[in-house]
Amino acid sequence: MFNRLFGKPKEQANAGALATLDKLNETLDMLEKKEKVLEKKAAAELERAKDFSKAKNKRAAIQALKRKKLYEQQIEQLGNFQLRIHDQMIMLEAAKATTETVDALRTGAKAMKAMQKATNIDDVDKTMDEINEQTENMKQIQDALSAPLGASADFDEDELEAELEELEGAELESQLLEPVAAPPIHPVQIPANRPRPHLAPQKASAEEDELAALQAEMAM
């Protein structure tokens, strides 16, 4: 439906813009080629003016310079034409982008409006109520399945937790009363072929006494 409403005008506008851009590009190429031809002619007239000046033909040299000036004026005019064409191409491309943007926004707005019509707020509320109801039913089913059955249903949870704490306290107390085992002592193995260290012989105490007495006499 959207294509029937907006497809043809958009295609026609794009086709017209593309055709105009192609025509402007062709005209721009033609002007550039003509400008190059005129530049060559102007350069040729300048060379002629130089040759006539060397030949002392002043009148012919002036005529050649006049033709060069005419060519330069045409070159300047062609440059202005190219500038206007460039401006026209830029404006046309900007207008084309604007048109496509507006058309895309219009199409999006139409599609959103159609989807909103297809979605009723009452239907949304009804659907959410059904989801909430199903969620609550599933929660009740899970609670019923997880509830204890038979003899285990009569057990007191507080009493069981108290008994568990008593068992943990007794276990901790027994661990604290256990004696701490000493670490095993490993004897140091000494190689049989290792030489024993030589101990310095100790002097007799009598010799030390005599030496002290001698030092005392020498001091007197």
Side-chain angles (χ1 to χ4, degrees), residues 1-139 142:
M1 179 179 179
F2 295 143
N3 292 331
R4 291 197 299 269
L5 290 176
F6 301 103
K8 291 183 179 180
K10 181 179 178 181
E11 293 176 358
Q12 292 176 358
N14 289 335
L18 292 175
T20 304
L21 288 173
D22 291 339
K23 181 63 177 179
L24 292 174
N25 281 321
E26 292 177 1
T27 304
L28 188 62
D29 293 338
M30 181 269 294
L31 292 175
E32 290 177 351
K33 292 178 181 179
K34 191 172 183 180
E35 183 180 5
K36 292 180 181 180
V37 173
L38 292 175
E39 289 176 350
K40 291 181 180 179
K41 289 183 178 182
E45 292 298 334
L46 179 60
E47 294 298 327
R48 289 179 184 177
K50 292 178 181 180
D51 294 339
F52 288 137
S53 178
K54 291 178 181 179
K56 305 299 181 180
N57 191 347
K58 183 177 180 180
R59 181 178 180 182
I62 292 175
Q63 293 296 326
L65 290 176
K66 288 181 179 180
R67 289 191 295 270
K68 184 181 78 70
K69 291 291 184 181
L70 292 175
Y71 289 139
E72 289 176 350
Q73 291 178 358
Q74 293 182 13
I75 292 171
E76 184 178 0
Q77 188 177 15
L78 292 177
N80 292 331
F81 290 164
Q82 294 178 40
L83 182 60
R84 290 189 177 184
I85 290 177
H86 279 296
D87 291 341
Q88 188 69 27
M89 291 175 65
I90 293 173
M91 292 176 62
L92 184 59
E93 289 175 352
K96 181 175 177 293
T98 302
T99 302
E100 291 179 351
T101 302
V102 173
D103 183 72
L105 293 174
R106 185 185 296 113
T107 303
K110 292 289 184 181
M112 186 177 295
K113 186 176 181 180
M115 287 187 291
Q116 289 178 353
K117 288 182 178 180
T119 305
N120 190 356
I121 187 63
D122 296 333
D123 295 338
V124 174
D125 292 338
K126 183 178 180 181
T127 302
M128 294 304 300
D129 292 339
E130 292 177 355
I131 293 174
N132 292 331
E133 184 179 357
Q134 293 174 4
T135 303
E136 185 64 25
N137 293 335
M138 182 59 65
K139 183 179 180 181
Q142 292 175 353

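Please read all numbers here as calculations on a predicted model, not as lab measurements.
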Practice item. Taking all heavy atoms of Ser53 and all of Ala61, pick out the closest pair and write down the distance. Key: N-CB, 4.0 Å
Practice item. Look up atom NZ in Lys56 and atom NZ in Lys58, then write down how far apart they are to the nearest 0.5 Å. Key: 11.5 Å
Check your understanding: Got Met138 and Gln134 here, is their nearest side-chain heavy-atom distance under 4.5 Å?
Key -> no
**Study point:** Nearest-0.5 Å distance, CD1 of residue Ile75 to CG of residue Asn80
**Key:** 12.5 Å
Review point. Looking at side-chain heavy atoms only, is the closest gap between Lys33 and Lys36 below 4.5 Å?
Key: no
Review point. Is a side-chain N or O of Thr107 found less than 3.5 angstrom from the main chain of Asp103, in a donor-acceptor match?
Key: yes
Review point. Would you say Glu35 and Leu31 make side-chain contact, with heavy atoms under 4.5 Å?
Key: no
Check your understanding: Should we say atom CD of Glu76 is surrounded by more than 12 heavy atoms from elsewhere, each under 6.0 Å from it?
Key -> no
Practice item. Rounded to the nearest 0.5 Å, what's the gap from NE2 on His86 to CG on Leu83? Could you check? Key: 7.5 Å
**Study point:** Evaluation steps, side-chain contact (heavy atoms from CB on, under 4.5 Å), between Lys66 and Ile62
**Key:** CA-CA 6 Å; Lys66 288 181 179 180; Ile62 292 175; 3.9 Å; yes
Check your understanding: To the nearest 0.5 Å, what is the distance between CD (Glu26) and CD1 (Ile85)?
Key -> 11.0 Å
Point to revise | Within-4.5 Å side-chain heavy-atom neighbours: Leu24 and Leu28 | key: no
Practice item. State whether Lys68 and Glu72 are salt-bridged, where the test is any N-O pair (Lys NZ or Arg NE/NH1/NH2 against Asp/Glu carboxylate O) under 4.0 Å. Key: yes
Review point. Taking C-beta and beyond as the side chain, do Thr20 and Gln88 meet within less than 4.5 Å on heavy atoms?
Key: no
**Study point:** Inter-residue atom distance Leu46.CG - Lys69.NZ, 0.5 Å rounding
**Key:** 10.0 Å
**Study point:** Spatial distance of atom NZ (Lys34) from atom CG (Asp29) [nearest 0.5 Å]
**Key:** 15.0 Å
Check your understanding: Can Glu45 and Lys41 be counted as an ion pair, charged N to O under 4.0 angstrom?
Key -> no
